[in-house]
Protein chains: 2
Amino acid sequence: MTVVPLRSRRSRTSPRRRAPEIIEAAARVFAQQGFHGATTQDIADVLGIRQASLYYYFPSKEGALELVCLQGVAGYFEVAKAIASAPGTAAEKLSRLIKSHLAPLTDRSDFVRVFLNERQHLPSESRRRIGKWSRGVERVFEDVVKEGVRRGEFRADLDTRLAVLAILGMANAAANWYRHEEVAIERISGEFARLVVDGVKKRRKPRSRGRRVPRPGR
Amino acid sequence: MTVVPLRSRRSRTSPRRRAPEIIEAAARVFAQQGFHGATTQDIADVLGIRQASLYYYFPSKEGALELVCLQGVAGYFEVAKAIASAPGTAAEKLSRLIKSHLAPLTDRSDFVRVFLNERQHLPSESRRRIGKWSRGVERVFEDVVKEGVRRGEFRADLDTRLAVLAILGMANAAANWYRHEEVAIERISGEFARLVVDGVKKRRKPRSRGRRVPRPGR
DNA sequence: GCGTTTATCTATAGCCCAATAGGTAGAATT
DNA sequence: AATTCTACCTATTGGGCTATAGATAAACGC
């Protein structure tokens with residue numbers, strides 16, 4: 001009796017095939033000009049289509065921003081958690097966290113920059129959702145740092161909260177000056193990780209250069 | 001013969017007495033909503049005056065942005081240079097640079113945030129001028145770091161450019177999460193300076209705790 | 001007291017911009 | 001071949017925003 005919609009049965013080629021391309025254009029424009037500084041016309045110009053045609057792909061300018069932001073961080077939280085719960089010293093884990101934090105810059109720097117700089121302009125609901133995500137990431141970092149302190153690997157007088165904010169600030173800033181022509185991301189993240197762990201100061205007599213595993217316990 | 005304007009002679013009370021207040025309101029609104037996200041109406045609302053009245057104090061919205069940005073960094077470059085050329089170890093200078101970099105957050109955080117986040121939206125001429133200023137500050141930092149390497153105080157394998165970008169990224173990020181209720185700026189900058197110099201890792205047997213002066217020369 | 005300056009106001013011009021409505025050519029499906 | 005769907009298009013509405021023009025009241029200086 002009731003007419004079953006045959007929609008799901010037909011059209012094996014999904015609609016909106018260019019959607020990724022459209023979102024990427026939005027990411028580029030938002031990254032360059034900021035959300036409010038960019039117009040939908042600007043995005044359309046990049047793609048060579050009319051401004052109104054964009055609304056076939058996203059419901060609103062804010063909706064486009066949300067799509068871009070989500071793609072900017074997709075999958076990262078899982079990776080971070082995996083690193084934190086894998087074996088290794090706290091210093092090793094922290095290095096890996098920093099590296100995986102910077103890795104998306106190689107192929108998605110526009111998305112990352114938009115997430116970092118423009119997420120504040122999301123409508124309040126999705127902003128809160130994404131704020132929760134951010135705090136989750138901070139939490140993973142802080143747990144690793146605390147672990148390092150607990151195991152006597154890191155300084156006992158470390159303010160773990162401030163240390164995490166410093167590390168994330170340092171790493172996130174890279175999104176704003178990194179241009180993929182110059183230095184490789186691996187180089188940057190390696191240097192950053194080293195800096196966080198060892199600082200700039202020369203150690204006195206690094207006796208055994210190879211082993212880094214600390215004495216366990218306090 | 002020619003009529004000398006008596007303007008300069010009269011009115012010892014200079015005009016535009018509220019200008020500082022107006023610029024501060026602009027700074028607050030720009031900091032919160034971003035330059036393009038803010039309207040001149042928003043600024044007027046903060047002050048309780050009409051939107052058009054603002055144009056008695058600044059020539060355009062972009063002009064207001066420029067005034068805010070300039071106040072965000074006024075005097076800082078001179079302080080930085082003075083620190084760099086004063087006596088002391090590189091580590092001490094670097095610590096002082098970081099502290100003086102964060103100091104303006106106590107009483108001018110809105111101005112600093114606008115400078116950091118919105119200066120890209122300045123008209124191209126003043127943007128270039130201010131970009132030059134920024135590079136000057138980076139230069140001061142890098143010179144100190146290089147000095148530390150040269151004197152054998154810092155690691156020889158340090159990438160000084162990346163180190164400076166890391167330090168500034170870390171410090172500048174603080175502008176975006178610091179709210180003056182919570183922690184004192186001195187606390188934050190102290191912790192940051194320590195982190196940059198020593199890293200998170202525990203040193204092995206810090207023998208003489210008091211003296212920090214390194215052996216001079218390589 | 002009288003001209004002048006200061007600090008606002010009202011009103012509006014003139015853009016620009018997001019978003020909607022409705023149309024259409026061509027490809028895909030049946 | 002007929003129908004449906006995809007991926008655009010044109011045209012337009014309606015609102016918001018910066019900036020200007022001109023008026024005015026109060027304060028100031030002589």
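Residue numbers start from 1 in every chain, and the chains themselves are labelled A, B, ... in the order their sequence lines are given, proteins ahead of strands. Every heavy atom of this structure was used, including side-chain atoms; hydrogens, water molecules and symmetry mates were not.
Looking at B:Q51, its side chain comes within 3.5 Å of the base of D:dA19 through a donor and an acceptor atom.
Put simply, CD1 on B:I83 and CG on B:L97 are 5.0 Å apart, with the number rounded to the nearest 0.5 Å.
We find that CG of B:L47 is positioned 15 Å from C1' of C:dC9, with the value rounded to whole Å. Taking atom CD1 of B:I43 as the reference point, atom P of D:dC17 lies 12 Å away to the nearest angstrom. The nearest whole Å value for the distance from the CD1 atom in A:I49 to the C1' atom in D:dT10 is 14 Å. The interatomic distance linking B:Q41 (CD) with C:dT10 (P) rounds to 11 Å, in whole Å. Across the protein-nucleic acid pair, B:R16 atom CZ and C:dA7 atom P stand 7 Å apart, rounded to whole Å. At whole-Å resolution of the value, CG in A:D42 and P in C:dC16 are 12 Å apart. Regarding B:L54, its CG atom lies at a distance of 10 Å from the P atom of D:dT18, rounded to whole Å.
B:Y55 has no side-chain polar atom (N or O) that falls below the 4.0 Å cut-off from OP1 or OP2 of D:dA21. Put simply, A:R50 has a side-chain N or O that comes within less than 4.0 Å of OP1 or OP2 on D:dT10. Residue A:R18 places at least one side-chain N or O closer than 4.0 Å to OP1 or OP2 of D:dC8. Look at A:R17 and you won't find any side-chain N or O under 4.0 angstrom from OP1 or OP2 of D:dT6.
The nucleotide whose nearest atom lies closest to any side-chain atom of B:P15 is, among C:dT6, C:dA19, D:dT18, C:dT6. For B:Y57, taking side-chain heavy atoms from C-beta onward, the closest of the listed nucleotides D:dA7, D:dT18, C:dA7 is C:dA7.
Backbone-only contact: B:T40 has heavy atoms under 4.0 Å from sugar-phosphate atoms and none from a base. Within 4.0 Å of B:A38, counting heavy atoms only, lie sugar-phosphate atoms of the nucleic acid but no base atom. B:S53 comes within contact range of at least one nucleobase, with a heavy-atom separation under 4.0 Å.
The residue among A:Y56 and A:A52 whose nearest nucleotide of DNA chain D lies closer to the 5′ end is A:Y56.
Under the 4.5 Å side-chain criterion, counting only non-hydrogen atoms from C-beta, B:L162 is in contact with A:I188. Counting heavy atoms from C-beta on, the side chains of B:D42 and B:Q32 never come closer than 4.5 Å.
Looking at B:R129 and B:E66, a side-chain N of the basic residue comes within less than 4.0 Å of a carboxylate O on the acidic one, giving a salt bridge.
The aromatic ring centres of A:Y76 and A:H101 sit less than 6.0 Å apart.
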